[in-house]
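Input: a single structure, listed below in structure tokens.
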Protein chains: 2
Amino acid sequence: MAKKYLNIYSEIANKIENGEFKPNMKLSSENELMKEYGVSRDTVRKALNLLEQYGYIQKIRGKGSYVLDVNKFDFPVSGLISFKELSKKIGMKTNTILEVLELIKPDEYLMKQLKISENNQIWKVVRTREIGDKRIILDKDYFNKKYIPSLTKEICEDSIFNYIENELGLKISFARKEITVQQATKEDKKYLDLENYNMVVVVKNYTYLDDASLFQYGESRHRPDRFKFVDFARRRTLYPNG
Amino acid sequence: MAKKYLNIYSEIANKIENGEFKPNMKLSSENELMKEYGVSRDTVRKALNLLEQYGYIQKIRGKGSYVLDVNKFDFPVSGLISFKELSKKIGMKTNTILEVLELIKPDEYLMKQLKISENNQIWKVVRTREIGDKRIILDKDYFNKKYIPSLTKEICEDSIFNYIENELGLKISFARKEITVQQATKEDKKYLDLENYNMVVVVKNYTYLDDASLFQYGESRHRPDRFKFVDFARRRTLYPNG
DNA sequence: GAGTGGTCTAGACCACTAA
DNA sequence: TAGTGGTCTAGACCACTCT
């Protein structure tokens, strides 16, 4: 049942993260990989394209595929990763405190953000995230009850995304993130250890399921000195009209 | 010489941006597109995969491909885009002022950032960017002279990236970006209209050529209230080991 | 000239969705 | 059951790099 190209991808990605494949090392050619794994060239190429897309290797025509220098301790990593997944990755002492969990009727702002009417019910979840004994992040999340019928304290203190994907079987497909910097509100000052900072970094997040329905809106509000966003971007030459 | 899958990509992307293909509309199936364009299924799929990757469409197995709602006025757009490309896209009145252009020997910090020795010579370029008559962005860029032999005032006031790609024929392949928030320095206060803000958003940028050599390091320092970063991210389920 | 990655084709089987 | 997208194969020709 395993997809061949994903197996090949994982195996090579692992070796790069382990250090078994070192930066600047040349990978086997596509022809050699075909024989090594006993698959067609197309399958090898799918795996290599994923590795390139996620910054593990660089393919150079006429030469071969080369291992890039992977910084694995970037925090947070680019893309869509939950706080829980992240904590595991960086191995710091972290803690989640559930501040609010309630079912509400959406106000004007939420109706606009989630593109819903006032008849929908919304789960409101407010959590603070401690990193090294300081309250650094305030997460305010809103879920459409249509997709998430019930939520408990336990789920919120563990990982909501984990519950959604593994228990409910919903598939998260993509998200839009928006990073801005704002004046700290009273709420920010109440929930966070802001010290003398009067601004917060706000990451707004719109999450969609695989049928392209918007099911979550969230704001992650960070103390500015502890915020870092890392992005690996390949050059886009793909805008229509050049 | 045109690549078929890029033509198909551009044509469909254009129709989506124009509004000819509206959000939630169903595209022709892969089979139909094969006939419409007279190409193989693989070629159609390459085009559709690009469209999906860049957030234009969502493919749903067993159903078809659906047009997503494209917000084209995001500022800045995610990915690797120069100030010049950006200004064109958003149609605001913008202006670039060249503050410093000189050839220097790298200090400790630069040697580390650009991974070079003190024997290399470095172009230092400092530019301020006005948006609507206010100096909003301070761009400090450092280029390895090894790759960029000469730089002029004209090039810096136009687009350095344009010069590099079209005149020098170098291929920019990928970049690492890092977004943090810092206390404003004296230099920030000197060059920018910071009003009462005492912090700046710093976007560090490491740009690589297609042979994976690092050729540029830059810092883009933004007034916090005028900074916005938008990211479209597909769910990553592709970390090794789960 | 030999080897590499990039594009394209034609055909097969599968899992999923919808009527 | 018919149609859809997802995976996989085998083979072809091209442009590029290295020697």
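Below, chain A is the first sequence line, B the second, and so on; all start at residue 1. Below, all heavy atoms of this structure are taken into account, side chains as well, without hydrogens, waters or symmetry copies.
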Only counting residues at least two apart or in another chain, list the ones meeting salt bridge (Lys or Arg N to Asp or Glu O under 4.0 Å) with [X].
X        : answer
B:Lys140 : B:Glu187
B:Glu30  : B:Arg41, B:Arg45, B:Lys59
B:Glu11  : B:Lys15

Find the distance [X]:[atom1] to [N]:[atom2] and express it as a whole number of Å.
X       : N      : atom1 : atom2 : result
B:Tyr5  : C:dC8  : OH    : C1'   : 11 Å
A:Leu48 : C:dT4  : CG    : C1'   : 12 Å
B:Tyr66 : D:dG3  : OH    : P     : 16 Å
A:Asn7  : D:dC8  : CG    : P     : 9 Å
B:Lys59 : C:dC16 : NZ    : C1'   : 14 Å
A:Lys3  : C:dC13 : NZ    : C1'   : 15 Å
B:Lys46 : C:dG5  : NZ    : C1'   : 11 Å
A:Asn49 : D:dC8  : CG    : P     : 14 Å

- Return the residues of residues 22-36 of chain B meeting this criterion: a heavy atom under 4.0 Å from some atom of DNA chain C. Order them by number, or give none. none
- Task: Could you walk me through whether B:Arg129 and B:Thr96 pass the side-chain hydrogen bond (donor to acceptor under 3.5 Å, both in side chains) test, one step at a time?
- Result: CA-CA 5 Å; B:Arg129 315 293 203 167; B:Thr96 293; 2.9 Å; yes
- Message: Does atom NZ (B:Lys105) have a neighbourhood of more than 12 heavy atoms from anything else shown, all under 6.0 Å?
- Response: no
- Query: Does atom CD of B:Glu102 have more than 12 heavy-atom neighbours from other groups under 6.0 Å away?
  - Reply: yes
- Please say which of A:Tyr206, A:Phe215, A:Tyr208 ends up in a ring-ring contact (aromatic ring centres under 6.0 Å, His included) with A:Phe174. A:Tyr208
- Query: Is A:Asp141 paired with A:Lys124 through a side-chain N to carboxylate O contact shorter than 4.0 Å?
  - Reply: no
- Message: Within the 3.5 Å criterion, strictly below it, is a donor on A:Ser173 or B:Gln58 matched to an acceptor on the partner's side chain?
- Response: yes
- State whether a side-chain donor-acceptor pair under 3.5 Å links B:Gln216 with B:Tyr147. no
Identify the pairs formed between an N or O of the protein and an N or O of nucleotides 16-19 of chain D at a distance under 3.5 Å, and give each distance.
| from | atom 1 | to | atom 2 | distance (Å) |
| --- | --- | --- | --- | --- |
| D:dC18 | OP1 | A:Lys63 | NZ | 3.2 |

Mind listing the N/O atom pairs, protein and nucleotides 9-12 of chain C, below 3.5 Å?
| from | atom 1 | to | atom 2 | distance (Å) |
| --- | --- | --- | --- | --- |
| C:dT9 | OP1 | B:Lys4 | NZ | 2.9 |
| C:dT9 | OP2 | B:Ser40 | N | 2.8 |
| C:dT9 | OP2 | B:Ser40 | OG | 2.9 |
| C:dT9 | OP2 | B:Thr43 | OG1 | 2.7 |
| C:dA12 | N6 | B:Arg41 | NH1 | 3.3 |

- Is the distance from OP1 or OP2 of D:dG5 to the nearest side-chain N or O of B:Ser65 less than 4.0 Å? yes
- Start with the C-alpha distance between B:Tyr109 and B:Tyr217, add both sets of side-chain angles, then the distance that settles side-chain hydrogen bond (donor to acceptor under 3.5 Å, both in side chains), and finish with yes or no. CA-CA 11 Å; B:Tyr109 179 74; B:Tyr217 166 71; 2.9 Å; yes
